[in-house]
Visitor: 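For reference, the structure I am asking about is given below.
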Protein chains: 2
Amino acid sequence: MSTPGRGLHGRVLDTLGPAITAGEYPPGSVLRTDELAQHFEVSRSVMREAVRVLESMHLVESRRRVGVTVRPKCEWNVYDPQVIRWRLAGADRPHQLRSLTVLRSAIEPVAAGLAAKQATAEQCAELTECALGMVAHSRGHRLEGYLVHDIAFHRVILAASGNEMFARLGDVVAEVLAGRTHHEVMFEDPDPAAVTLHVQVAEAVRAGDGARAEELTRQITVGALHELDVLAP
Amino acid sequence: MSTPGRGLHGRVLDTLGPAITAGEYPPGSVLRTDELAQHFEVSRSVMREAVRVLESMHLVESRRRVGVTVRPKCEWNVYDPQVIRWRLAGADRPHQLRSLTVLRSAIEPVAAGLAAKQATAEQCAELTECALGMVAHSRGHRLEGYLVHDIAFHRVILAASGNEMFARLGDVVAEVLAGRTHHEVMFEDPDPAAVTLHVQVAEAVRAGDGARAEELTRQITVGALHELDVLAP
DNA sequence: CAGAGCCGAAAAGTCAGACTTATATGTCAC
DNA sequence: GTGACATATAAGTCTGACTTTTCGGCTCTG
């Protein structure tokens, strides 16, 4: 999914990023570039590059004569896909999953409403195909196949909305759905009602019925939130 | 608002970032680190740090033997506040402003609904104060004072929602509102209906009426979208 | 002529060391 | 106590040499 080993500084980030987002260094903690470089056994140049990246994510702040101080959580760039991945891999995965699901519940219905007005014929076809794929994999413990089509479905909706901000949430939704399937205790087969709703959304979008697409999608996200309440109270 | 001169690499970014987001280098363009370093009259180390930051924003991709290639727009981290600022400062400001306003229209109503259920007494007080401030500055060409209270109002709503993803959009909303006031041709006095709606939202939140807060906020954002249609068709 | 494999050059990547600059903090005089 | 000043510290910058990857062309072969 991401790019694991893109240079030495990348490997440093793979350890340091998760550590910071996991709260291993409490906000206000001070790190020193030289010490970090020694600890990771890399040159200072490499370490500096890593720090710059963390800084651009607002995870840390580098100040002369002080060092690299960890910022409080509320200042992090929580929409950075990398940060999202790190946090989903860490201890507060459940909390993060809930935040993102609430975000979905706000965005996706609106996106679906817009998609109904703007989706191309090709996108409508893709949507139907995805929905059918979900139906096909909805029974018999075939969660992996179901997941693939589920992700694709929501990606198409977000892309078809014509709004770039919505479209870029495709990756986030993918992470959430994957996380739900793989790590939360999910039912062995997906909720039949949800499957039906997806099919109906595809129909509504094809028919250009924005209000209906929005309402149906709202039901999907409400269901997702409810499921989260039941399985991870 | 941001941190303008945080080192040499920051100053490089201040010119290179806007240039890329403005589409000055079409997707696929190849830059060379050494040339850039020469052009900006900085050392390679500094240039490399700048490139790393751009890379973490998914604006460019650095590959051996190839160079630094500009990524297509659809891959950018468009939620990065820095990227948002750069784009708002550039040529496609109107387009960007519209995207962000649509985003607001999806998020803020839901946030207001949640805020009604979770806002602390202090937050309710702040909200009322902001609304009153808006009323006080709603006449007599006092747009600046109005803007300050408008921004504060929406910040509080987003924060009070209790969702960190919503809360972090405070800066984005601030940019949008500021951009609207300063650069789009805004009416000399704000829409009285909008002012009233803000007061009513504050009341609804204080009363704990989520559905009403959500609906009223929806009206605010619909108004904002409509205003955008009228002023920047 | 096509495909596999080899080779060289180009550009990023890495490192080490010396130097500069800002700045937090302690010290001292008043 | 308060101000100015000195000092130590850690980030910031620059340079030059070296390493590593990999693209693109070349040749060799079938």
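Below, read A as the first sequence line, B as the second, and so on, with proteins coming before strands; counting in each chain starts at 1. All values below were derived from every heavy atom in this structure, side-chain atoms included, with hydrogens, water molecules and symmetry-related copies excluded.
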Visitor: Can you measure B:E35 atom CD to C:dA12 atom C1' for me and round it to whole angstrom units?
Guide: 14 Å
Visitor: Could you check A:R206 against A:T128 for side-chain contact (heavy atoms from CB on, under 4.5 Å), going step by step and ending with a plain yes or no?
Guide: CA-CA 9 Å; A:R206 179 192 288 271; A:T128 305; 3.2 Å; yes
Visitor: Taking atom C1' of C:dG17 as reference, at what distance in whole Å does atom CD of A:Q38 sit?
Guide: 15 Å
Visitor: Between A:S45 and A:V68, which has a closest nucleotide on DNA chain D that is more 5'?
Guide: A:V68
Visitor: Between C:dT14 atom P and A:R6 atom CZ, what is the distance in whole Å?
Guide: 11 Å
Visitor: I want to verify a distance call: between C:dC15, C:dA12, D:dC23, whose nearest atom is closest to the A:S43 side chain?
Guide: C:dC15
Visitor: Nearest-Å distance, CZ (B:R48) to P (D:dT15)?
Guide: 16 Å
Visitor: Nearest whole angstrom, please: distance from the P of C:dT21 to the CZ of B:R11.
Guide: 13 Å
Visitor: Students often get this wrong, so: under 4.0 angstrom with heavy atoms, is B:V51 touching a base, only sugar-phosphate, or nothing?
Guide: nothing
Visitor: Quick check on DNA chain D: between B:R44 and B:R64, whose nearest nucleotide comes earlier from the 5' end?
Guide: B:R44
Visitor: Reading DNA chain C from 5' onward, which residue's closest nucleotide shows up sooner: A:R63 or B:R65?
Guide: B:R65
Visitor: Applying side-chain contact (heavy atoms from CB on, under 4.5 Å) between B:H154 and each of B:V201, B:V173, B:V176, B:T217, report the one that passes.
Guide: B:V173
Visitor: At less than 4.0 Å, is any side-chain N or O atom of A:R32 found next to OP1 or OP2 of D:dA11? Yes or no.
Guide: no
Visitor: Can you tell me how far P of C:dA12 sits from NE2 of A:H9, to the nearest Å?
Guide: 14 Å
Visitor: Which heavy atom in B:A111 sits nearest to a heavy atom in B:L158, and how many Å separate them?
Guide: CB-CD2, 3.9 Å
Visitor: How many whole angstroms separate atom CD of B:E49 from atom P of D:dA11?
Guide: 12 Å
Visitor: Just checking A:E164: does its CD atom have more than 12 heavy atoms from other residues, nucleotides or ligands closer to it than 6.0 angstrom?
Guide: yes
Visitor: Can you check side-chain contact (heavy atoms from CB on, under 4.5 Å) on A:I84 and A:Q96, steps first, answer last?
Guide: CA-CA 8 Å; A:I84 291 177; A:Q96 176 76 350; 4.1 Å; yes
Visitor: C:dG13, OP1 or OP2 - any side-chain N/O from B:S62 closer than 4.0 Å?
Guide: yes
Visitor: What is the distance, to the nearest angstrom, from the CD atom on B:E55 to the C1' atom on C:dA11?
Guide: 14 Å
